[in-house]
Amino acid sequence: MHSPALLENYVAGQWVAGGGAPTALTDPVTGETLAFVSSAGLDLDAAFTFARDVAGPALRALSYGERAQRLAQIVATLQANRDDYYAIATANSGTVATDSAVDIDGAIYTLSTYAKLGATLGDAHTLLDGAAVPLAKDASFAVRHVFRPTPGVALFINAFNFPAWGLWEKAAGALLAGVPVIVKPATSTAWLTQRMVADVVAAGLLPPGSLSVICGTAAGLLDRIGPFDVVSFTGSADTAATLRAHPAFTERSARINVEADSLNSAVLLPDAASGTAAFDQFVREVAREMTVKAGQKCTAIRRAIVPVEHFDAAAAAIAERLARTVVGNPRNEAVKMGSLVSLAQKRAVLDGIAHLQAEAETLYDGNLDGDRKAAFVDAGADSACVAPVLLGLRNGASGQRVHDTEVFGPVATLVGYRDLEEAVALAKRGQGSLVVSLYSNDAVAMRAPALALADAHGRVHAVDPSVTKTQTGHGNVMPQSLHGGPGRAGGGEELGGLRALRFYHVRSAVQGPAALIEAITQDAVELPKA
Ligand code: NAP
């Protein structure tokens, strides 16, 4: 498709090649070198200063509505180059087209949703947070809360599994807020992010410096983070813990949003026996979540929690679906599931499976004879392909590892429970997750578990037969809904419609004479609740 090039960084409104020894990006199926990246030697001070002092004021001179128009123009630019993005994803992420769509079309859909939501804010430059409240008996002195865009930079440090969506689901909110973006994609799949930024920069849609990309190591980035900058991190809990300890946050009080790993679960309610529609929905969703993007989704179902009396039926039905999954080179049209993103991830996943197998039985292993030499279509045993593996733990409460080890691949554990109270307790053994889904033939029967699980999950996704065709999927992150999760999931909040704007704003209580409080509302609009 192309000869390996050194992908440049875009900082301070200029394209700059990194120095030193570059890092190679490879095709996880063929092992071919695709491109190189390096961020060594960049003038990071200039990068942050330019974004903060030049791009920020220019962005904020526009109204929310005008910035929303820019998002719509970005959508058109990305759509025009969509085929190239699919080719990059096939080569660099090893994904089949339907899985590339989750990332690429998911990004475009999210941006277009924010373009529409942002348009409703019109020509405002300030967001209001609630009505004026009198502070004096005669109402002469009052308070009104306002949101103003933070006068800093939004730094995104992203994970490898969503090079497109991971950028735009965050940038939609930041740019709409008027905050310039510097994105550092995960190195292994940085190409797609870099290319999308290049297309948007070339289209000249945003004030110079509004969108920068740094490919390669993150070294030095957090040292530049000042008190009004915000950092949004997506990745592993271990890296998140390192980041949180940085003086940018502990001393300078910059804000950090963390989306980390998560032991998401799907819970089959006792009424949903084999032969009922809800059972089928559950089985389909578990198998789908295990195989979409080869299980490399932060929201993927890791624990499928079932009444112990339905355990065997669920195991057989999920295994039957998994056995139909053709794994291999995404370029072959027969292939339904591509490879993992790299050989390093393959090693991590195989190690993770072995770790779980110490306490869980193996109910299905698509890798032949367990010797990892499965006949992958058009891909060798030395590729990053791994076939689906379903593990099982009949007595869910007896497990430890299945509740605290996230294996980031096509792997899930079927977990048995005795009663609904135990099912809720088992789901919460994940210590806070991004999403839990519920399956029942009775919508109202899901009320109690939905509310009982909401305090430990960023999203509760409930499904009954009435929504077979309309439900949006356990793992699909809808821009209208909150994304993030408490505790182990990182404690972050993203998306959720215009709620996303809050992270990029500073809230202030303006107190003063009634006339001033009234004047504050000029050029301002109440931040809608949704
Ligand atoms: P990772 O190893 O933690 O890396 C994430 C990002 O952090 C990469 O850009 C990485 O750069 C960078 N990084 C690594 N060490 C750093 C350091 N010391 N300082 C600053 N940045 C550093 O995670 P990953 O393996 O890419 O991603 C997989 C994990 O992400 C999974 O656990 C998954 O659950 C989680 N995830 C969560 C969500 C969510 O929305 N909650 C979404 C997707 C993924 P390099 O690539 O250059 O090392």
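First listed ligand is number 1; within each ligand, the first listed atom is number 1.
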Output a table of donor-acceptor pairs, distance under 3.5 Å, between side-chain atoms of residues 13-25 and any protein atom two or more places apart or on a different chain; print 'none' if there are none.
none

Those residues at least two apart in sequence (or on a different chain) that pass ring pair (Phe, Tyr, Trp, His ring centres under 6.0 Å) with Phe162 are Trp165
What residues form a ring pair (Phe, Tyr, Trp, His ring centres under 6.0 Å) with Phe282, not counting sequence neighbours? Tyr439
Side chains of Val183 and Ser212, heavy atoms from C-beta outward: is any pair under 4.5 Å? no
Check ligand 1 for close polar pairs with the protein: N or O on both sides, less than 3.5 Å.
{"residue": "ligand 1", "atom": "3 (O)", "partner": "Ser236", "partner atom": "N", "Å": "2.9"}
{"residue": "ligand 1", "atom": "3 (O)", "partner": "Ser236", "partner atom": "OG", "Å": "2.8"}
{"residue": "ligand 1", "atom": "3 (O)", "partner": "Thr239", "partner atom": "OG1", "Å": "2.7"}
{"residue": "ligand 1", "atom": "9 (O)", "partner": "Asn158", "partner atom": "O", "Å": "2.7"}
{"residue": "ligand 1", "atom": "11 (O)", "partner": "Lys184", "partner atom": "NZ", "Å": "3.1"}
{"residue": "ligand 1", "atom": "23 (O)", "partner": "Ser236", "partner atom": "N", "Å": "3.3"}
{"residue": "ligand 1", "atom": "26 (O)", "partner": "Phe160", "partner atom": "N", "Å": "3.4"}
{"residue": "ligand 1", "atom": "30 (O)", "partner": "Gly235", "partner atom": "O", "Å": "3.4"}
{"residue": "ligand 1", "atom": "32 (O)", "partner": "Glu406", "partner atom": "OE1", "Å": "2.8"}
{"residue": "ligand 1", "atom": "34 (O)", "partner": "Glu406", "partner atom": "OE1", "Å": "3.4"}
{"residue": "ligand 1", "atom": "34 (O)", "partner": "Glu406", "partner atom": "OE2", "Å": "2.7"}
{"residue": "ligand 1", "atom": "40 (O)", "partner": "His483", "partner atom": "NE2", "Å": "2.7"}
{"residue": "ligand 1", "atom": "41 (N)", "partner": "Ala260", "partner atom": "O", "Å": "3.3"}
{"residue": "ligand 1", "atom": "46 (O)", "partner": "Thr187", "partner atom": "N", "Å": "2.8"}
{"residue": "ligand 1", "atom": "47 (O)", "partner": "Lys184", "partner atom": "NZ", "Å": "3.0"}
{"residue": "ligand 1", "atom": "47 (O)", "partner": "Thr187", "partner atom": "OG1", "Å": "2.5"}

Begin with the C-alpha distance, continue with both residues' side-chain angles, and end with the deciding distance and a verdict on ring-ring contact (aromatic ring centres under 6.0 Å, His included) for Phe160 and Phe408. CA-CA 11 Å; Phe160 64 77; Phe408 208 61; 5.7 Å; yes
Quick one: which of Glu285, Gln471, His474 gives a side-chain hydrogen bond (donor to acceptor under 3.5 Å, both in side chains) with His461? Gln471
